[in-house]
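Chain letters run A, B, ... following the sequence lines, proteins first, then strands; residues in each count from 1.
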Number of protein chains: 2
Amino acid sequence: MAERQLNMREVARLAEVSVATVSRALREPDKVSDDTRARVNGAAAQLGYIYNAVAGDISTGRSTVIGVLVPAASNALFAETLHSIQDVAMAAGHSTIQGATRYDEAIEGKLIDTLLQRRVKGLVLTGLTYGQEARIAQLATASDVRIVITWEKPPVDTGSISYVGFDNRKASELAVRHLIELGHTRIGLIVGPYSRIARTRHRLDGYRDALDAAGIAFDPSLVLERLPEPVEGREAMEALLAQEEPPTGVFAASDMLAFGALRALHAAGLDVPSDVSLVGFDDVDLAAYTHPPLTTVRVDAARIGRLAAQILIDPAEARSRHYCLDCDLVIRGSTGPVRSGPLRGRHTEIKLGGIPS
Amino acid sequence: MAERQLNMREVARLAEVSVATVSRALREPDKVSDDTRARVNGAAAQLGYIYNAVAGDISTGRSTVIGVLVPAASNALFAETLHSIQDVAMAAGHSTIQGATRYDEAIEGKLIDTLLQRRVKGLVLTGLTYGQEARIAQLATASDVRIVITWEKPPVDTGSISYVGFDNRKASELAVRHLIELGHTRIGLIVGPYSRIARTRHRLDGYRDALDAAGIAFDPSLVLERLPEPVEGREAMEALLAQEEPPTGVFAASDMLAFGALRALHAAGLDVPSDVSLVGFDDVDLAAYTHPPLTTVRVDAARIGRLAAQILIDPAEARSRHYCLDCDLVIRGSTGPVRSGPLRGRHTEIKLGGIPS
DNA sequence: CTGTTAGCGCCTTCAA
DNA sequence: TTGAAGGCGCTAACAG
């Protein structure tokens, strides 16, 4: 019970060699005679010795731990990224410390502190809050902590910061254009915390781009900012449906929001897509399993994670790498042509030619 | 760029005190004069010094890192547990290293190795594979690594191992009994990898208990073992529906499986619950958002995480603690009385009095 | 191929 | 209240 963890010295003693030799036998087996290696391994096994990676790191001055911050682990989307990061990390003998920021700047800041204290080799950041941007930029230049921003293509100056993302604005435009092509002109948007996070703001921009291109006036009352959780999606959709002139197409810029929205639609007795079309974003696992299956923007979450981890771990990776991935629309059952008849007794008026404010 | 991370010595130099004093000023502010403390803090701030928690741990011989293993982070369920563990850990100045085992014994073993090498203070284990049980038991007694098993109440000897779980067998019985009370007699079970994991095996046991109590014969062809993912749930349900005499009620012992099953049901043009009733397990966030909303067994995932983390972190916690939580059935729209008419042209025969093999 | 010697960054007696 | 010295477990440079 509670025996002290043993160290190399004890292994050395049993194997009748020096500590340095044990270290070599364990980490660079070639640099040691067959006989010695066998004796060391034998002793280690017999004692049940477990290498102390913490001491190793501190002694070499290197770090074999990477930190990962996501907004919420409960979003299946980020979970996929986490998985692939772990795979790459484990294969390279690294560990990952992770944290969920919950879209909260203060929590995010504290988590970054913790990771830095833990002397991580690098940081994978997702959904970075505006408030932390400056600090991260400074960190990237003034320290040797590698930084990778994921899920977005940062708008400006990423000189020393790597990123693995895609064009959220274009992706968003794609989704909305799909609705427009189906004849929808009154299109709602339920979107994440764009006032705090760049990635989300770009999705709002893409929505406006699509509207502009089609000459549809921008109506702020159709845009709802919510946290990407099902409850919030449901409430937002309820609010949309309660309006004078509800939208016939809705773009929920996160599958989690879309799931909630779908529920609200069913609860209101509306049919999807014949009454209302719905588009999500992320193509989470479950998006293909809703009723009807969700049309959504597909992003290769696993690939993002893999690339991000490689950037951090691969010693050959230069100062910073920038990957901008493609993403496409997966059309499933939740979107269809706008219907001509009235929705719940109201006529949907078509506005054309309006110039967005 | 890439300036070397600075250490206490440099802070000490600037503050014109010794390293020991810096250490004290930072960790035990009371043991230092007001003046000194101010100077040290000032110097640290000016330099942008970041405390090295790794060196701290190694020097004290303590550990402020805890390891968490879950089968899959993508299961929203475990994500919740992770969140709450992190909250507790962060509040206590600890970090969490986590890993996803994917129900694979080899991966699980490798992850445990890594965590041990990282000298975690303790391990939170979920869905421990049979193959690792012995090793863990030994670890719990022979080392000072604390172990907490979660999500299940281990069947035997947990002398030195803590757990925070609930009675999976009873919970499962609860779900099946609900179906029986609705008049179902032909009940399918889609369940996780019970041949590798105890928690899952208990769910199978509970299913049989309920059947036994009602005098319903156990039919092995109605039991399908699958990994808890939507695809597998869909395929399993398809297999069930393809049988001579498909079940009228199905218990999917994981919401992820239930989501997939629901899809298969819709795709087959069947109505839930009037054609087939479906019960899930876990009460994941999204369970309330399916169509129809899922009847499922509710477990307080966040509470499990909180308790587990406390056991590991709280120095006052004795050698081992055992929590067995309650869990209850949340009845929503996916279950209803068995219908008397034929299902897809076939009669559901009622078997009674059979003794399970 | 192996042992000796420093040293990584911090903490903790023990004196002063 | 503060500093000096030794040590945590391991690695790296240098002899031999």
Side-chain angles (χ1 to χ4, degrees), chain A residues 3-41 43-44 47-65 93 116-121 143-145, chain B residues 3-41 43-44 47-65 93 116-121 143-145:
Chain A
E3 314 219 351
R4 184 198 196 66
Q5 299 254 13
L6 25 71
N7 55 26
M8 277 193 181
R9 196 159 54 234
E10 325 211 17
V11 178
R13 193 166 325 179
L14 182 60
E16 297 182 303
V17 291
S18 73
V19 193
T21 301
V22 175
S23 174
R24 277 188 288 253
L26 261 30
R27 311 197 325 136
E28 306 159 301
D30 309 330
K31 299 200 159 187
V32 123
S33 79
D34 288 5
D35 175 58
T36 316
R37 183 165 357 104
R39 280 222 312 290
V40 171
N41 286 333
L47 259 31
Y49 169 73
I50 298 170
Y51 175 74
N52 187 331
V54 180
D57 272 12
I58 205 175
S59 166
T60 53
R62 298 188 209 106
S63 169
T64 51
V65 179
L116 257 22
Q117 294 191 171
R118 207 55 68 181
R119 289 300 186 268
V120 293
K121 162 188 232 159
S143 82
D144 54 0
V145 181
Chain B
E3 314 218 355
R4 187 202 192 63
Q5 300 253 16
L6 24 71
N7 57 27
M8 277 193 180
R9 197 159 54 236
E10 326 211 16
V11 178
R13 193 166 325 180
L14 182 60
E16 297 181 303
V17 292
S18 73
V19 195
T21 302
V22 175
S23 174
R24 278 188 286 253
L26 262 28
R27 311 197 327 134
E28 305 159 300
D30 309 332
K31 299 199 159 189
V32 122
S33 78
D34 289 5
D35 174 57
T36 316
R37 182 168 354 107
R39 280 220 314 291
V40 170
N41 287 332
L47 258 29
Y49 168 73
I50 298 171
Y51 175 76
N52 188 331
V54 179
D57 272 10
I58 205 180
S59 162
T60 53
R62 295 186 211 109
S63 168
T64 51
V65 180
L116 256 24
Q117 293 190 172
R118 207 56 68 181
R119 289 299 187 270
V120 292
K121 163 185 232 160
S143 81
D144 53 0
V145 181

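With sequence neighbours excluded, no residue satisfies side chain to side chain donor-acceptor pair (under 3.5 Å) with A:Asp30. Remark: B:Asp35 pairs with B:Arg39 by the salt bridge (Lys or Arg N to Asp or Glu O under 4.0 Å) rule, at least two apart or across chains. Listed by chain and number, the residues in a salt bridge (Lys or Arg N to Asp or Glu O under 4.0 Å) with B:Arg118 are A:Asp57 (sequence neighbours excluded). Qualifying salt bridge (Lys or Arg N to Asp or Glu O under 4.0 Å) partners for B:Arg119, counting only residues two or more places apart in sequence or in other chains: none.
Listed for the B:Asn41 side chain is no donor-acceptor partner under 3.5 Å among the backbone atoms of B:Ala44. When atom types are taken as modelled, the side chain of A:Thr60 and the backbone of A:Gly56 share a donor-acceptor pair closer than 3.5 angstrom. No donor-acceptor pair closer than 3.5 Å links the side chain of A:Arg24 to the backbone N or O of A:Lys31.
For D:dG9, neither phosphate oxygen OP1 nor OP2 lies less than 4.0 angstrom from any side-chain nitrogen or oxygen of A:Tyr49. Considering only side-chain N and O atoms, A:Thr60 lies nowhere under 4.0 angstrom from the phosphate OP1 or OP2 of C:dC8. Residue A:Arg27 has a polar side-chain atom (N or O) positioned under 4.0 Å from OP1 or OP2 of D:dA12. Taking 4.0 angstrom as the limit, A:Ser23 places a side-chain polar atom (N or O) nearer than this to OP1 or OP2 of D:dT11. The side chain of B:Arg62 places an N or O atom within less than 4.0 Å of a non-bridging phosphate oxygen (OP1 or OP2) of C:dT12. For D:dG9, neither phosphate oxygen OP1 nor OP2 lies less than 4.0 angstrom from any side-chain nitrogen or oxygen of A:Asn52.
Rounding to whole angstrom units, CE of residue A:Met8 and C1' of D:dA12 are separated by 13 Å. At whole-Å resolution of the value, CD in B:Gln117 and C1' in D:dG9 are 14 Å apart. A:Arg9 places its CZ atom 15 Å from the P atom of C:dG3, with the value rounded to the nearest Å. If you take CG of B:Asp30 and C1' of D:dT2, they are 16 Å apart, rounded to a whole angstrom. Remark: C1' of D:dT1 and CZ of B:Arg37 are 12 Å apart, rounded to the nearest angstrom. In this structure, the CZ atom of A:Arg13 is 14 Å from the P atom of C:dG3, given to the nearest Å. Separating the CG atom of B:Asp35 from the C1' atom of D:dT2 is a distance of 12 Å, rounded to the nearest angstrom. Between A:Asp57 atom CG and C:dG9 atom P the separation is 13 Å, expressed in whole Å.
Set against C:dG9, D:dT2, C:dC11, the side chain of B:Tyr51 has C:dC11 as its closest nucleotide. For B:Ile58, taking side-chain heavy atoms from C-beta onward, the closest of the listed nucleotides C:dT2, D:dC10, C:dG9 is C:dG9.
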Would you tabulate the pairs of protein nitrogen or oxygen atoms and nucleotide nitrogen or oxygen atoms of nucleotides 3-7 of chain D closer than 3.5 angstrom?
from: D:dG3; atom 1: OP2; to: B:Ser18; atom 2: N; distance (Å): 2.9
from: D:dG3; atom 1: OP2; to: B:Ser18; atom 2: OG; distance (Å): 3.1
from: D:dG3; atom 1: OP2; to: B:Thr21; atom 2: OG1; distance (Å): 2.5
from: D:dG3; atom 1: N7; to: B:Arg24; atom 2: NH2; distance (Å): 2.9
from: D:dG3; atom 1: O6; to: B:Arg24; atom 2: NH1; distance (Å): 3.3
from: D:dG7; atom 1: N2; to: B:Ser59; atom 2: OG; distance (Å): 3.4

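Remark: A:Leu26 CG to A:Glu28 CD distance equals 10.5 Å, nearest 0.5 Å.
Within the helix from C:dC1-D:dG16 to C:dA16-D:dT1, the inter-axis angle between the opening and closing five-pair segments is 30°, rounded to 10°.
Residues B:Val22 and B:Tyr49 fail the side-chain proximity criterion, which asks for heavy atoms closer than 4.5 Å. Between A:Asn7 and A:Asn52, every side-chain heavy-atom pair lies at or beyond the 4.5 Å cut-off.
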